[in-house]
2 protein chains.
Amino acid sequence: MATSKSLPQPDREEIRVEAVLQALGEPVRLQIVRALAAAPEGIACGELELPVTASTRAHHLRTLREAGVTSTQTEGTKRISKLRREDLESLYPGLLNGVLAAPR
Amino acid sequence: MATSKSLPQPDREEIRVEAVLQALGEPVRLQIVRALAAAPEGIACGELELPVTASTRAHHLRTLREAGVTSTQTEGTKRISKLRREDLESLYPGLLNGVLAAPR
DNA sequence: GTGATTGTTCGATCGTCATCGTACTACGAT
DNA sequence: ATCGTAGTACGATGACGATCGAACAATCAC
């Protein structure tokens, strides 16, 4: 049986804009967010191509999740992360689109 | 005669989204940005009510200016800072409004 | 079971940054 | 010129965070 569990994350009303902006302001994390934005079905940690080691990758994914930017579900040994687009759009309408509109 | 000079700042195309997000992610700076958003005519450094000393205030204003978030003009001994709304809206449409929509 | 895969957690290191006080500059008023 | 005001620049400190390697945990395949 494929057990699937959600990792802890802040509720929508607990999300703080400073934490979101700080999370998005780190280059590696912004790169992750761009990849997640291009993959609505979510991405497993290991599938992200990043210039850092696996432990640093885990650290950034945790930061994004705890800031309320992403949600993570375990699928077997994989952990699928997705953007919390609805929550972010509801809290800060236009913010995410504006960030994603930035030239790379 | 009232001499008026603009302090150096990045051109629109030099603005990096990481720097903008990082600048906005600091609580004191976000407070400054909120105050500037409420005062389209600009605010002098000393008129900002912040829980930090003058030197820290100057540091944050410099960070915002160098990130491309604000512009600063000298008016006598005062330095008037304004939000670069047009540039930010052009680069990251919706971002600033989204941030300002956040509950305090 | 063993082993391989996937990912996290822990501890350490190193750099960056927010903060402060002090000294300094620039301008205006007297 | 002297004084007061507005703000910056510098140097130091302390805290936070990005990074890594190594050890650990959980699941799947065999």
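The sequence lines fix the lettering, A, B, ..., with proteins before strands; numbering per chain opens at 1.
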Give a yes or no on whether B/Val33 and B/Ile80 share a hydrophobic cluster (residues Ile, Leu, Val, Met, Phe, Trp, Tyr; joining criterion: side-chain heavy atoms under 4.5 Å apart).
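Different hydrophobic clusters.
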Measure [atom1]/[X] against [atom2]/[N] and give the value in whole Å, please.
| X | N | atom1 | atom2 | answer |
| --- | --- | --- | --- | --- |
| A/Arg57 | C/dT8 | CZ | C1' | 12 Å |
| A/Glu75 | D/dC28 | CD | P | 10 Å |
| B/Leu50 | D/dA6 | CG | C1' | 15 Å |
| B/Leu7 | D/dA9 | CG | C1' | 14 Å |
| A/Lys5 | C/dG7 | NZ | P | 17 Å |
| A/Leu61 | C/dT6 | CG | C1' | 13 Å |
| B/Gln73 | C/dC27 | CD | P | 15 Å |

Polar side chain donor-acceptor pair, B/Arg12 to B/Ser90, under 3.5 angstrom:
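Side chains of B/Arg12 and B/Ser90: pair found under 3.5 Å.
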Say whether, by atom type as modelled, one donor and one acceptor occur between the side chain of A/Thr74 and the main chain of A/Lys5 under 3.5 angstrom.
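At least one qualifying donor-acceptor pair exists.
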Do side-chain atoms of A/Glu26 reach the backbone of A/Ala23 as a donor and acceptor pair under 3.5 angstrom?
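No, the answer is negative, given that no donor and acceptor are paired below the 3.5 Å cut-off.
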How about A/Glu86: does its CD atom have over 12 heavy atoms from other parts shown lying under 6.0 Å from it?
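Check fails, neighbour count at 12 or below.
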Does C/dC20 have OP1 or OP2 under 4.0 Å away from a side-chain N or O of B/Thr53?
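For C/dC20, OP1/OP2 do have a side-chain N/O of B/Thr53 under 4.0 Å.
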May I ask you to verify if any side-chain N or O of B/Arg79 is less than 4.0 angstrom from the OP1 or OP2 atom of D/dT8?
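Result: yes.
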Is any side-chain heavy atom of A/Cys45 less than 4.5 Å from a side-chain heavy atom of A/Lys78?
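Not touching, per the 4.5 Å side-chain cut-off.
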Side chains of A/Val99 and B/Tyr92 in contact at under 4.5 Å (non-hydrogen atoms):
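No, side chains not in contact.
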Which nucleotides of nucleotides 12-18 of chain D have their base under 4.0 Å from a protein heavy atom (B), which only their sugar-phosphate (S), and which neither (-), written as one string 5' to 3'?
-----SS
At 4.0 Å (heavy atoms only), tell me whether B/Arg62 reaches a base, stays on the sugar-phosphate, or touches nothing.
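The answer is sugar-phosphate, as B/Arg62 gets under 4.0 Å only of primed atoms, P, OP1 or OP2.
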Rounded distance [0.5 Å steps], CD1 in B/Ile15 versus CG in B/Leu88
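Interatomic distance, B/Ile15 CD1 to B/Leu88 CG, rounded to 0.5 Å: 6.0 Å.
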Could you say whether A/Thr77 or A/Ser55 is positioned toward the 5' end of DNA chain D, judged by the nucleotide with the nearest heavy atom to each?
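Residue closer to the 5' terminus by nearest nucleotide: A/Ser55.
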Closest non-hydrogen atom pair between A/Leu36 and A/Ser81, with its separation:
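Result for this residue pair: CD2-O, 3.3 Å.
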To check you understand the geometry: which heavy-atom pair defines the closest contact between B/Ala35 and B/Leu48, and what is its length?
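Smallest interatomic distance, heavy atoms only, reads CB-CD2, 3.9 Å.
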With each end axis built from five pairs of C1' atoms, what bend angle do you get for the helix from C/dG1-D/dC30 to C/dT30-D/dA1? Round to 10°.
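Axis angle across the helix from C/dG1-D/dC30 to C/dT30-D/dA1, nearest 10°: 20°.
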Using the side-chain contact (heavy atoms from CB on, under 4.5 Å) rule, pick out the option among B/Thr72, B/Ile43, B/Leu61 that qualifies with B/Arg79.
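It is B/Thr72, the one option of B/Thr72, B/Ile43, B/Leu61 that forms the side-chain contact (heavy atoms from CB on, under 4.5 Å) with B/Arg79.
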Of all of residues 32-42 of chain B, which get a heavy atom below 4.0 angstrom from DNA chain C, listed by number?
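The answer is none.
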